[in-house]
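See below for the structure under consideration.
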There are 2 protein chains.
Amino acid sequence: MADGAQRKPTRIQMQKRELIREAALDVFSAHGFRGATLDQIAEAAGLSKPNLLYYFESKEAIHAELMDRLLDTWLNPLREMDPDGDPLTELRGYIQRKLEASRDYPRESRLFANEILQGAPRLGSELSGPLRALVEDKSVVLRQWMAQGRIVRMDPQHLIFAIWAVTQHYADFDVQVQAVLGSNDEARFHDAAATIETLFFKGLLPR
Amino acid sequence: MADGAQRKPTRIQMQKRELIREAALDVFSAHGFRGATLDQIAEAAGLSKPNLLYYFESKEAIHAELMDRLLDTWLNPLREMDPDGDPLTELRGYIQRKLEASRDYPRESRLFANEILQGAPRLGSELSGPLRALVEDKSVVLRQWMAQGRIVRMDPQHLIFAIWAVTQHYADFDVQVQAVLGSNDEARFHDAAATIETLFFKGLLPR
DNA sequence: TAGCGTTCTGACCAATTGGTCAAAAGACCA
DNA sequence: TGGTCTTTTGACCAATTGGTCAGAACGCTA
């Protein structure tokens with residue numbers, strides 16, 4: 001295949017590339033970009049390093065592809081919040097989805113956290129682009145709900161930050177959470193959901 | 001100085017070691033342990049690499065010393081929560097102190113976050129030791145307040161997690177926050193404090 | 001089954017990185 | 001001023017790391 005045009009990828013190429021993405025997600029999410037090595041990824045994928053580099057141009061290329069797919073997954077729970085729905089139901093649902101994402105996709109959460117923590121050098125303008133736009137968009141909805149007196153008035157952007165923070169915490173700071181609680185894997189997310197629910201919808205002060 | 005016993009460190013030693021800690025905090029918090037290099041730290045401190053290694057045994061040793069000092073600073077705001085005080089005042093104060101820590105010591109927050117994110121390999125047993133003990137301790141206090149009907153009943157440990165999450169978010173995810181808000185440095189922490197206050201003490205639902 | 005494109009490998013490379021060492025340069029006090 | 005201890009440096013090293021390359025092995029189809 002000497003011509004510059006890309007030919008349709010073979011079945012093996014699709015499989016192996018997926019295998020590599022999976023392995024890379026493991027390694028990158030656990031060690032960050034700099035901390036991860038091609039050897040680790042290759043081993044996790046059960047391939048030799050040169051073989052790995054047959055499927056991906058470079059370490060950066062693997063990471064970039066993971067990043068690409070990440071942001072969408074990341075923002076979908078928020079996208080699904082329906083402007084025409086009932087505020088209580090919609091917010092409850094959004095928090096629920098975010099918490100489930102932390103439970104079911106902790107590696108993705110950590111990959112994202114690693115990237116942001118280090119200044120988002122590779123996620124770059126995605127943040128001030130699509131992410132900002134979506135938050136802006138949903139803030140309008142929240143403000144409407146507030147104006148209608150259906151939820152308490154507060155800064156909608158910071159409200160979204162608060163939801164992100166409390167839910168992602170359970171994926172990103174998992175070690176700490178487990179150290180405090182002493183594992184008990186099943187109860188953890190149930191109790192977290194209950195606490196967040198009470199805190200957000202009732203508040204701390206008895207009425 | 002050939003004898004094994006440590007002699008009292010000179011003035012220069014104290015100064016230079018502090019200089020190095022400061023530089024290392026910059027570099028480690030921005031890139032994580034693996035991502036940071038001795039050359040970067042040396043340059044940030046204005047020293048040559050061998051000179052740096054004259055003051056610290058190894059890269060690990062520098063990081064370890066930062067870690068040592070970190071946990072105490074980290075837990076102090078929670079320690080200060082007074083069991084005999086007014087619940088509302090105490091919780092408000094704790095959230096306030098935590099938010100101020102995020103504003104005034106973002107590097108320390110990120111250093112901590114980096115460590116936890118990657119499985120806390122070097123902070124190790126500090127989490128299931130002193131940290132867990134303190135949370136356990138303050139949970140008792142919170143449970144008492146709940147039993148007395150002075151704050152709404154919920155899981156005290158998860159409540160503490162929620163406070164950690166929403167406050168540290170502003171240090172650890174700063175890039176994201178700025179991308180969404182468009183900097184405006186002054187207002188940021190003020191608005192954050194107001195939103196958390198409303199959310200935690202009033203909740204989302206109008207009464 | 002022969003041929004050809006795809007997949008895979010071992011050997012290798014240059015750059016980076018944590019760390020060492022002998023010796024030079026400074027600082028301080030008798 | 002000389003001598004001794006502390007501080008600093010340039011040169012160097014071994015290990016690791018991202019990446020290359022020529023060719024071997026494989027697998028599909030004519």
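All chains are named by letter (A, B, ...) in the order of the sequence lines, taking the proteins before the strands, and each is independently numbered beginning at 1.
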_Quick check on C/dT9: is either OP1 or OP2 less than 4.0 Å from any side-chain nitrogen or oxygen of A/Ser48?_
yes
*Rounded to whole angstrom units, what separation is found between the OH atom of A/Tyr55 and the C1' atom of C/dT9?*
13 Å
*N/O (side chain, A/Ser58) to phosphate O (OP1/OP2, D/dG18) under 4.0 Å*: no
*Rounded to the nearest Å, what distance is computed from the CG atom of residue B/Asp39 to the C1' atom of nucleotide C/dG18?*
9 Å
*Atom CD of A/Gln13 to atom P of C/dG5: distance rounded to whole Å?*
15 Å
*Whole angstrom value for the distance that separates P of C/dT17 from CD1 of B/Ile41*: 12 Å
*Is there a donor and acceptor pair closer than 3.5 Å between the side chain of A/Lys59 and the base of D/dG19?*
no
*Starting at OH of A/Tyr54 and ending at P of D/dC26, how long is that distance when rounded to a whole Å?*
16 Å
*Of all the nucleotides listed (D/dC21, D/dG19, D/dG10), which has the minimum atom distance to the side chain of B/Pro50?*
D/dG10
_side-chain N/O A/Lys16 vs C/dC8 OP1/OP2, d < 4.0 Å_ = yes
*asked:* Without decimals, in angstroms, what is the distance between B/Leu38 CG and C/dG18 C1'?
replied: 6 Å
*Kindly give the heavy-atom pair with the smallest separation between A/Leu52 and A/Leu38, and that separation in Å.*
CD1-O, 3.9 Å
*Take A/Arg34 and A/Asn51, find for each the nucleotide of DNA chain C with the closest heavy atom, and name the residue whose nucleotide sits nearer the 5' end.*
A/Asn51
*asked:* So A/Ala36, base contact, sugar-phosphate only, or nothing? Heavy-atom distance under 4.0 Å.
replied: sugar-phosphate
*What's the verdict on side-chain hydrogen bond (donor to acceptor under 3.5 Å, both in side chains) for B/Thr89 and B/Asp86, showing C-alpha distance, side-chain angles and the deciding distance?*
CA-CA 5 Å; B/Thr89 313; B/Asp86 169 57; 2.8 Å; yes
*Closest contact, heavy atoms only, A/Ile116 versus A/Leu123*: CD1-CD2, 4.3 Å
_Just to be sure I understand the rule, does B/Ala42 reach a base, reach only the sugar-phosphate, or reach nothing, if contact means heavy atoms closer than 4.0 Å?_
nothing
*How close or far is atom P of C/dT9 from atom CD of A/Glu43, stated in whole angstroms?*
14 Å
*Euclidean distance, atom CG of residue A/Leu47 to atom C1' of D/dC26 [Å, nearest integer]*: 15 Å
*In terms of side-chain geometry, is the basic nitrogen of A/Arg188 or A/Asp174 positioned less than 4.0 Å from the acidic oxygen of its partner?*
yes
*Report the relative orientation of the aromatic rings in B/Phe33 and B/His63; use parallel for angles under 30°, tilted for 30 to 60°, perpendicular for over 60°.*
perpendicular
